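By convention in this document, chain letters (A, B, ...) are assigned in the order of the sequence lines, proteins followed by strands, and residues within each chain are numbered from 1. Only heavy atoms go into these numbers, but all of them, side chains included; no hydrogens, no water, no symmetry mates. Values in this document were obtained by computation on a predicted structure and should not be read as measured data.
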Amino acid sequence: MANVVVVTSGKGGVGKTTSTASLGAALAKTGQNVCVVDFDVGLRNLDLMLGAERRVVYDLINVIQGNAKLAQALIRDKRLDTLSLLPASQTRDKDALTEKGVARVMKQLREKFDWIICDSPAGIERGAILAMRHADTAVIVTNPEISSVRDSDRIIGMLDSKTERAESGGDIEKHLLIARYDASRIARAEMLGVDDVLDILSVPLLGIVPESEEVLRASNLGAPVTLSNPVCAAARAYQDAARRLTGEAVAMSVPRDRRNLFGKLFGGKAA
Amino acid sequence: MVSVAHSRSPFRFHGRSFMAFVLAPDLPFDDWLIELDAQLKRSPGFFTGRPVVLDLARLNLAKPDVAGLMAQLQARGVRIIAVEGVETSWLGPGLAPLPGGSRPAGVIDLAERKAAEQPAEPEPDKPASLLLDQPVRSGQSVVFADGDLTILGHVASGAEVVAGGSIHIYGTLRGRAIAGSAGNPGARIFCSSLEAELLAIDGLYRTIDEIDDHLRGQPVQAWLEGNALVLAARP
């Protein structure tokens with residue numbers, strides 16, 4: 001049965017799009033059919049993360065308005081044929097998303113794919129609400145800092161009240177993905193620790209992705225980090241998170257501060 | 001038990017809701033006023049001492065029309081406290097701004113007023129407490145005016161819980177808690193860990209900056225002693 005996942009956060013710039021692409025690619029690598037959907041109409045980025053920006057012909061809004069068929073708008077990844085992208089429109093805004101249209105597209109996607117991963121725009125307005133509307137599962141991306149955590153808390157409240165599942169009296173499955181985890185800054189108490197974040201949000205942890213140069217390099221290359229450098233720490237964190245999403249039990253590892261060891265040996269400046 | 005009493009001048013604010021009649025006139029005003037006069041003849045003194053809100057949103061009026069109508073109503077003893085649906089700048093300073101979110105309470109027919117004046121049937125018993133087993137998330141506001149409120153989870157930063165009676169929080173209180181909101185000085189606030197942005201009982205409040213550091217993160221109760229909001233760690 002298809003599983004619709006929304007990747008959401010409230011706050012912008014925490015790593016929603018990166019996480020959508022990386023989780024999507026990690027799931028697709030296991031042979032399951034995955035579609036990543038960009039709901040950030042007007043500010044689309046997911047196509048860039050997947051290196052598909054020159055292949056966009058039709059988009060989500062065209063399909064919603066009936067100007068294109070779903071199959072025409074879907075873009076299959078060149079490296080992974082189990083991974084598809086439904087891009088957002090760059091020339092429109094979130095008002096072009098209609099409740100009925102989104103419902104129809106999600107229904108069609110459920111028939112075609114095992115996983116539908118919706119990349120939510122930042123904010124708590126129409127775009128974000130429609131991205132979460134039909135989800136079975138939510139991945140809440142948060143950075144270990146108070147503004148991001150508070151915004152995530154706000155979004156969790158909306159997941160519990162504005163989604164179709166919540167409105168029909170059911171429960172939406174929620175997972176917390178801590179991104180841009182910087183062990184050295186946490187050690188210096190410049191950021192919140194994992195326990196603090198979990199205590200505030202009371203949502204089970206899906207994974208901890210370390211702040212990484214590799215992630216930045218990957219998005220500049222137009223490839224999710226789980227494809228471009230699958231052995232780096234961030235990619236491994238996303239792969240583990242994807243396995244946990246499928247229900248597998250994978251031991252959680254908190255990224256260590258690698259500089260600590262070198263710091264002790266060389267007096268702090270080594271990286 | 002460590003208790004810390006702040007002596008501050010008893011400046012209080014209360015939230016309270018009132019019932020106001022909303023009058024929605026029809027055009028032309030002359031006919032409508034004749035009808036109003038006829039109604040007033042049948043039940044004189046209907047408007048005596050009653051606050052009235054004038055709803056002009058459906059009508060497309062010019063400024064002099066509004067002023068004329070207001071004068072006519074005032075001459076009939078209708079006490080207008082606010083006007084809806086016109087430019088605020090048209091109105092004198094004596095009128096209150098109308099907050100949004102008013103709830104309509106049905107149309108009241110003047111002719112039926114006699115019947116309505118008889119004592120209403122006793123209301124069915126309302127539950128005196130409310131229990132929430134979910135955390136209260138940032139941006140959410142839980143208001144329970146009829147009694148005590150019990151929350152098993154956290155109250156997040158940016159969330160607000162309001163109760164007519166006492167508030168019991170088994171998680172961490174990071175948001176605002178307002179107890180005794182309807183004027184109950186006996187209400188108390190309890191929480192398992194205090195990180196609150198604001199505590200208030202019966203209109204007396206304290207923000208986090210006025211809460212002693214040694215109470216932060218502690219299980220705490222708050223109550224009123226005279227005009228002071230007192231906080232103490234619970235054992």
Margin query: Heavy-atom pairs under 4.5 Å with chain A: which of G158(B), G153(B), G139(B), A159(B) has the most?
Written below: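 Most heavy-atom pairs under 4.5 Å with chain A: G139(B).
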Margin query: I need the residue from R174(B), R137(B), Q134(B) with the largest number of non-hydrogen atom pairs under 4.5 Å to chain A.
Written below: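 The candidate making the most pairs under 4.5 Å is R137(B).
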Check: What do you reckon, is CZ of R165(A) surrounded by more than 12 foreign heavy atoms closer than 6.0 Å?
Finding: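 Buried by this count: over 12 neighbours within 6.0 Å.
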Checklist line | Neighbour count >12 (heavy atoms, 6.0 Å) for atom OH, Y170(B) | finding: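 Counting other residues, nucleotides and ligands, OH of Y170(B) stays at 12 neighbours or fewer.
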Checklist line | Proximity breakdown for D151(A) and chain B, heavy-atom pairs closer than 4.5 Å | finding: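 Nothing of D151(A), per the 4.5 Å heavy-atom cut-off to chain B.
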Next item on the list: Heavy-atom pairs under 4.5 Å with chain B are the metric here; pick the option from I156(A), I146(A), V149(A) that has the most.
Entry: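 Result: the option with the highest number of such pairs is I156(A).
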Check: Salt bridge or not for D136(A) and R110(A), using N-O below 4.0 Å?
Finding: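 Judged by the 4.0 Å cut-off on N to carboxylate O distance, D136(A) and R110(A) do form a salt bridge.
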Notebook entry, point to check: Considering only heavy atoms, which portion of E195(B) lies under 4.5 Å from any heavy atom of chain A: side chain, backbone, both, or neither?
Noted result: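 Neither part, no heavy atoms under 4.5 Å.
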Item checked: Result of checking L205(A), T137(A), I140(A) against H175(A) for side-chain contact (heavy atoms from CB on, under 4.5 Å) ->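 The side-chain contact (heavy atoms from CB on, under 4.5 Å) with H175(A) is passed solely by T137(A) among L205(A), T137(A), I140(A).
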Next item on the list: Could you check if a side-chain atom of E160(B) sits within less than 4.5 angstrom of a side-chain atom of I178(B), using non-hydrogen atoms only?
Entry: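 Answer yes - side chains close enough.
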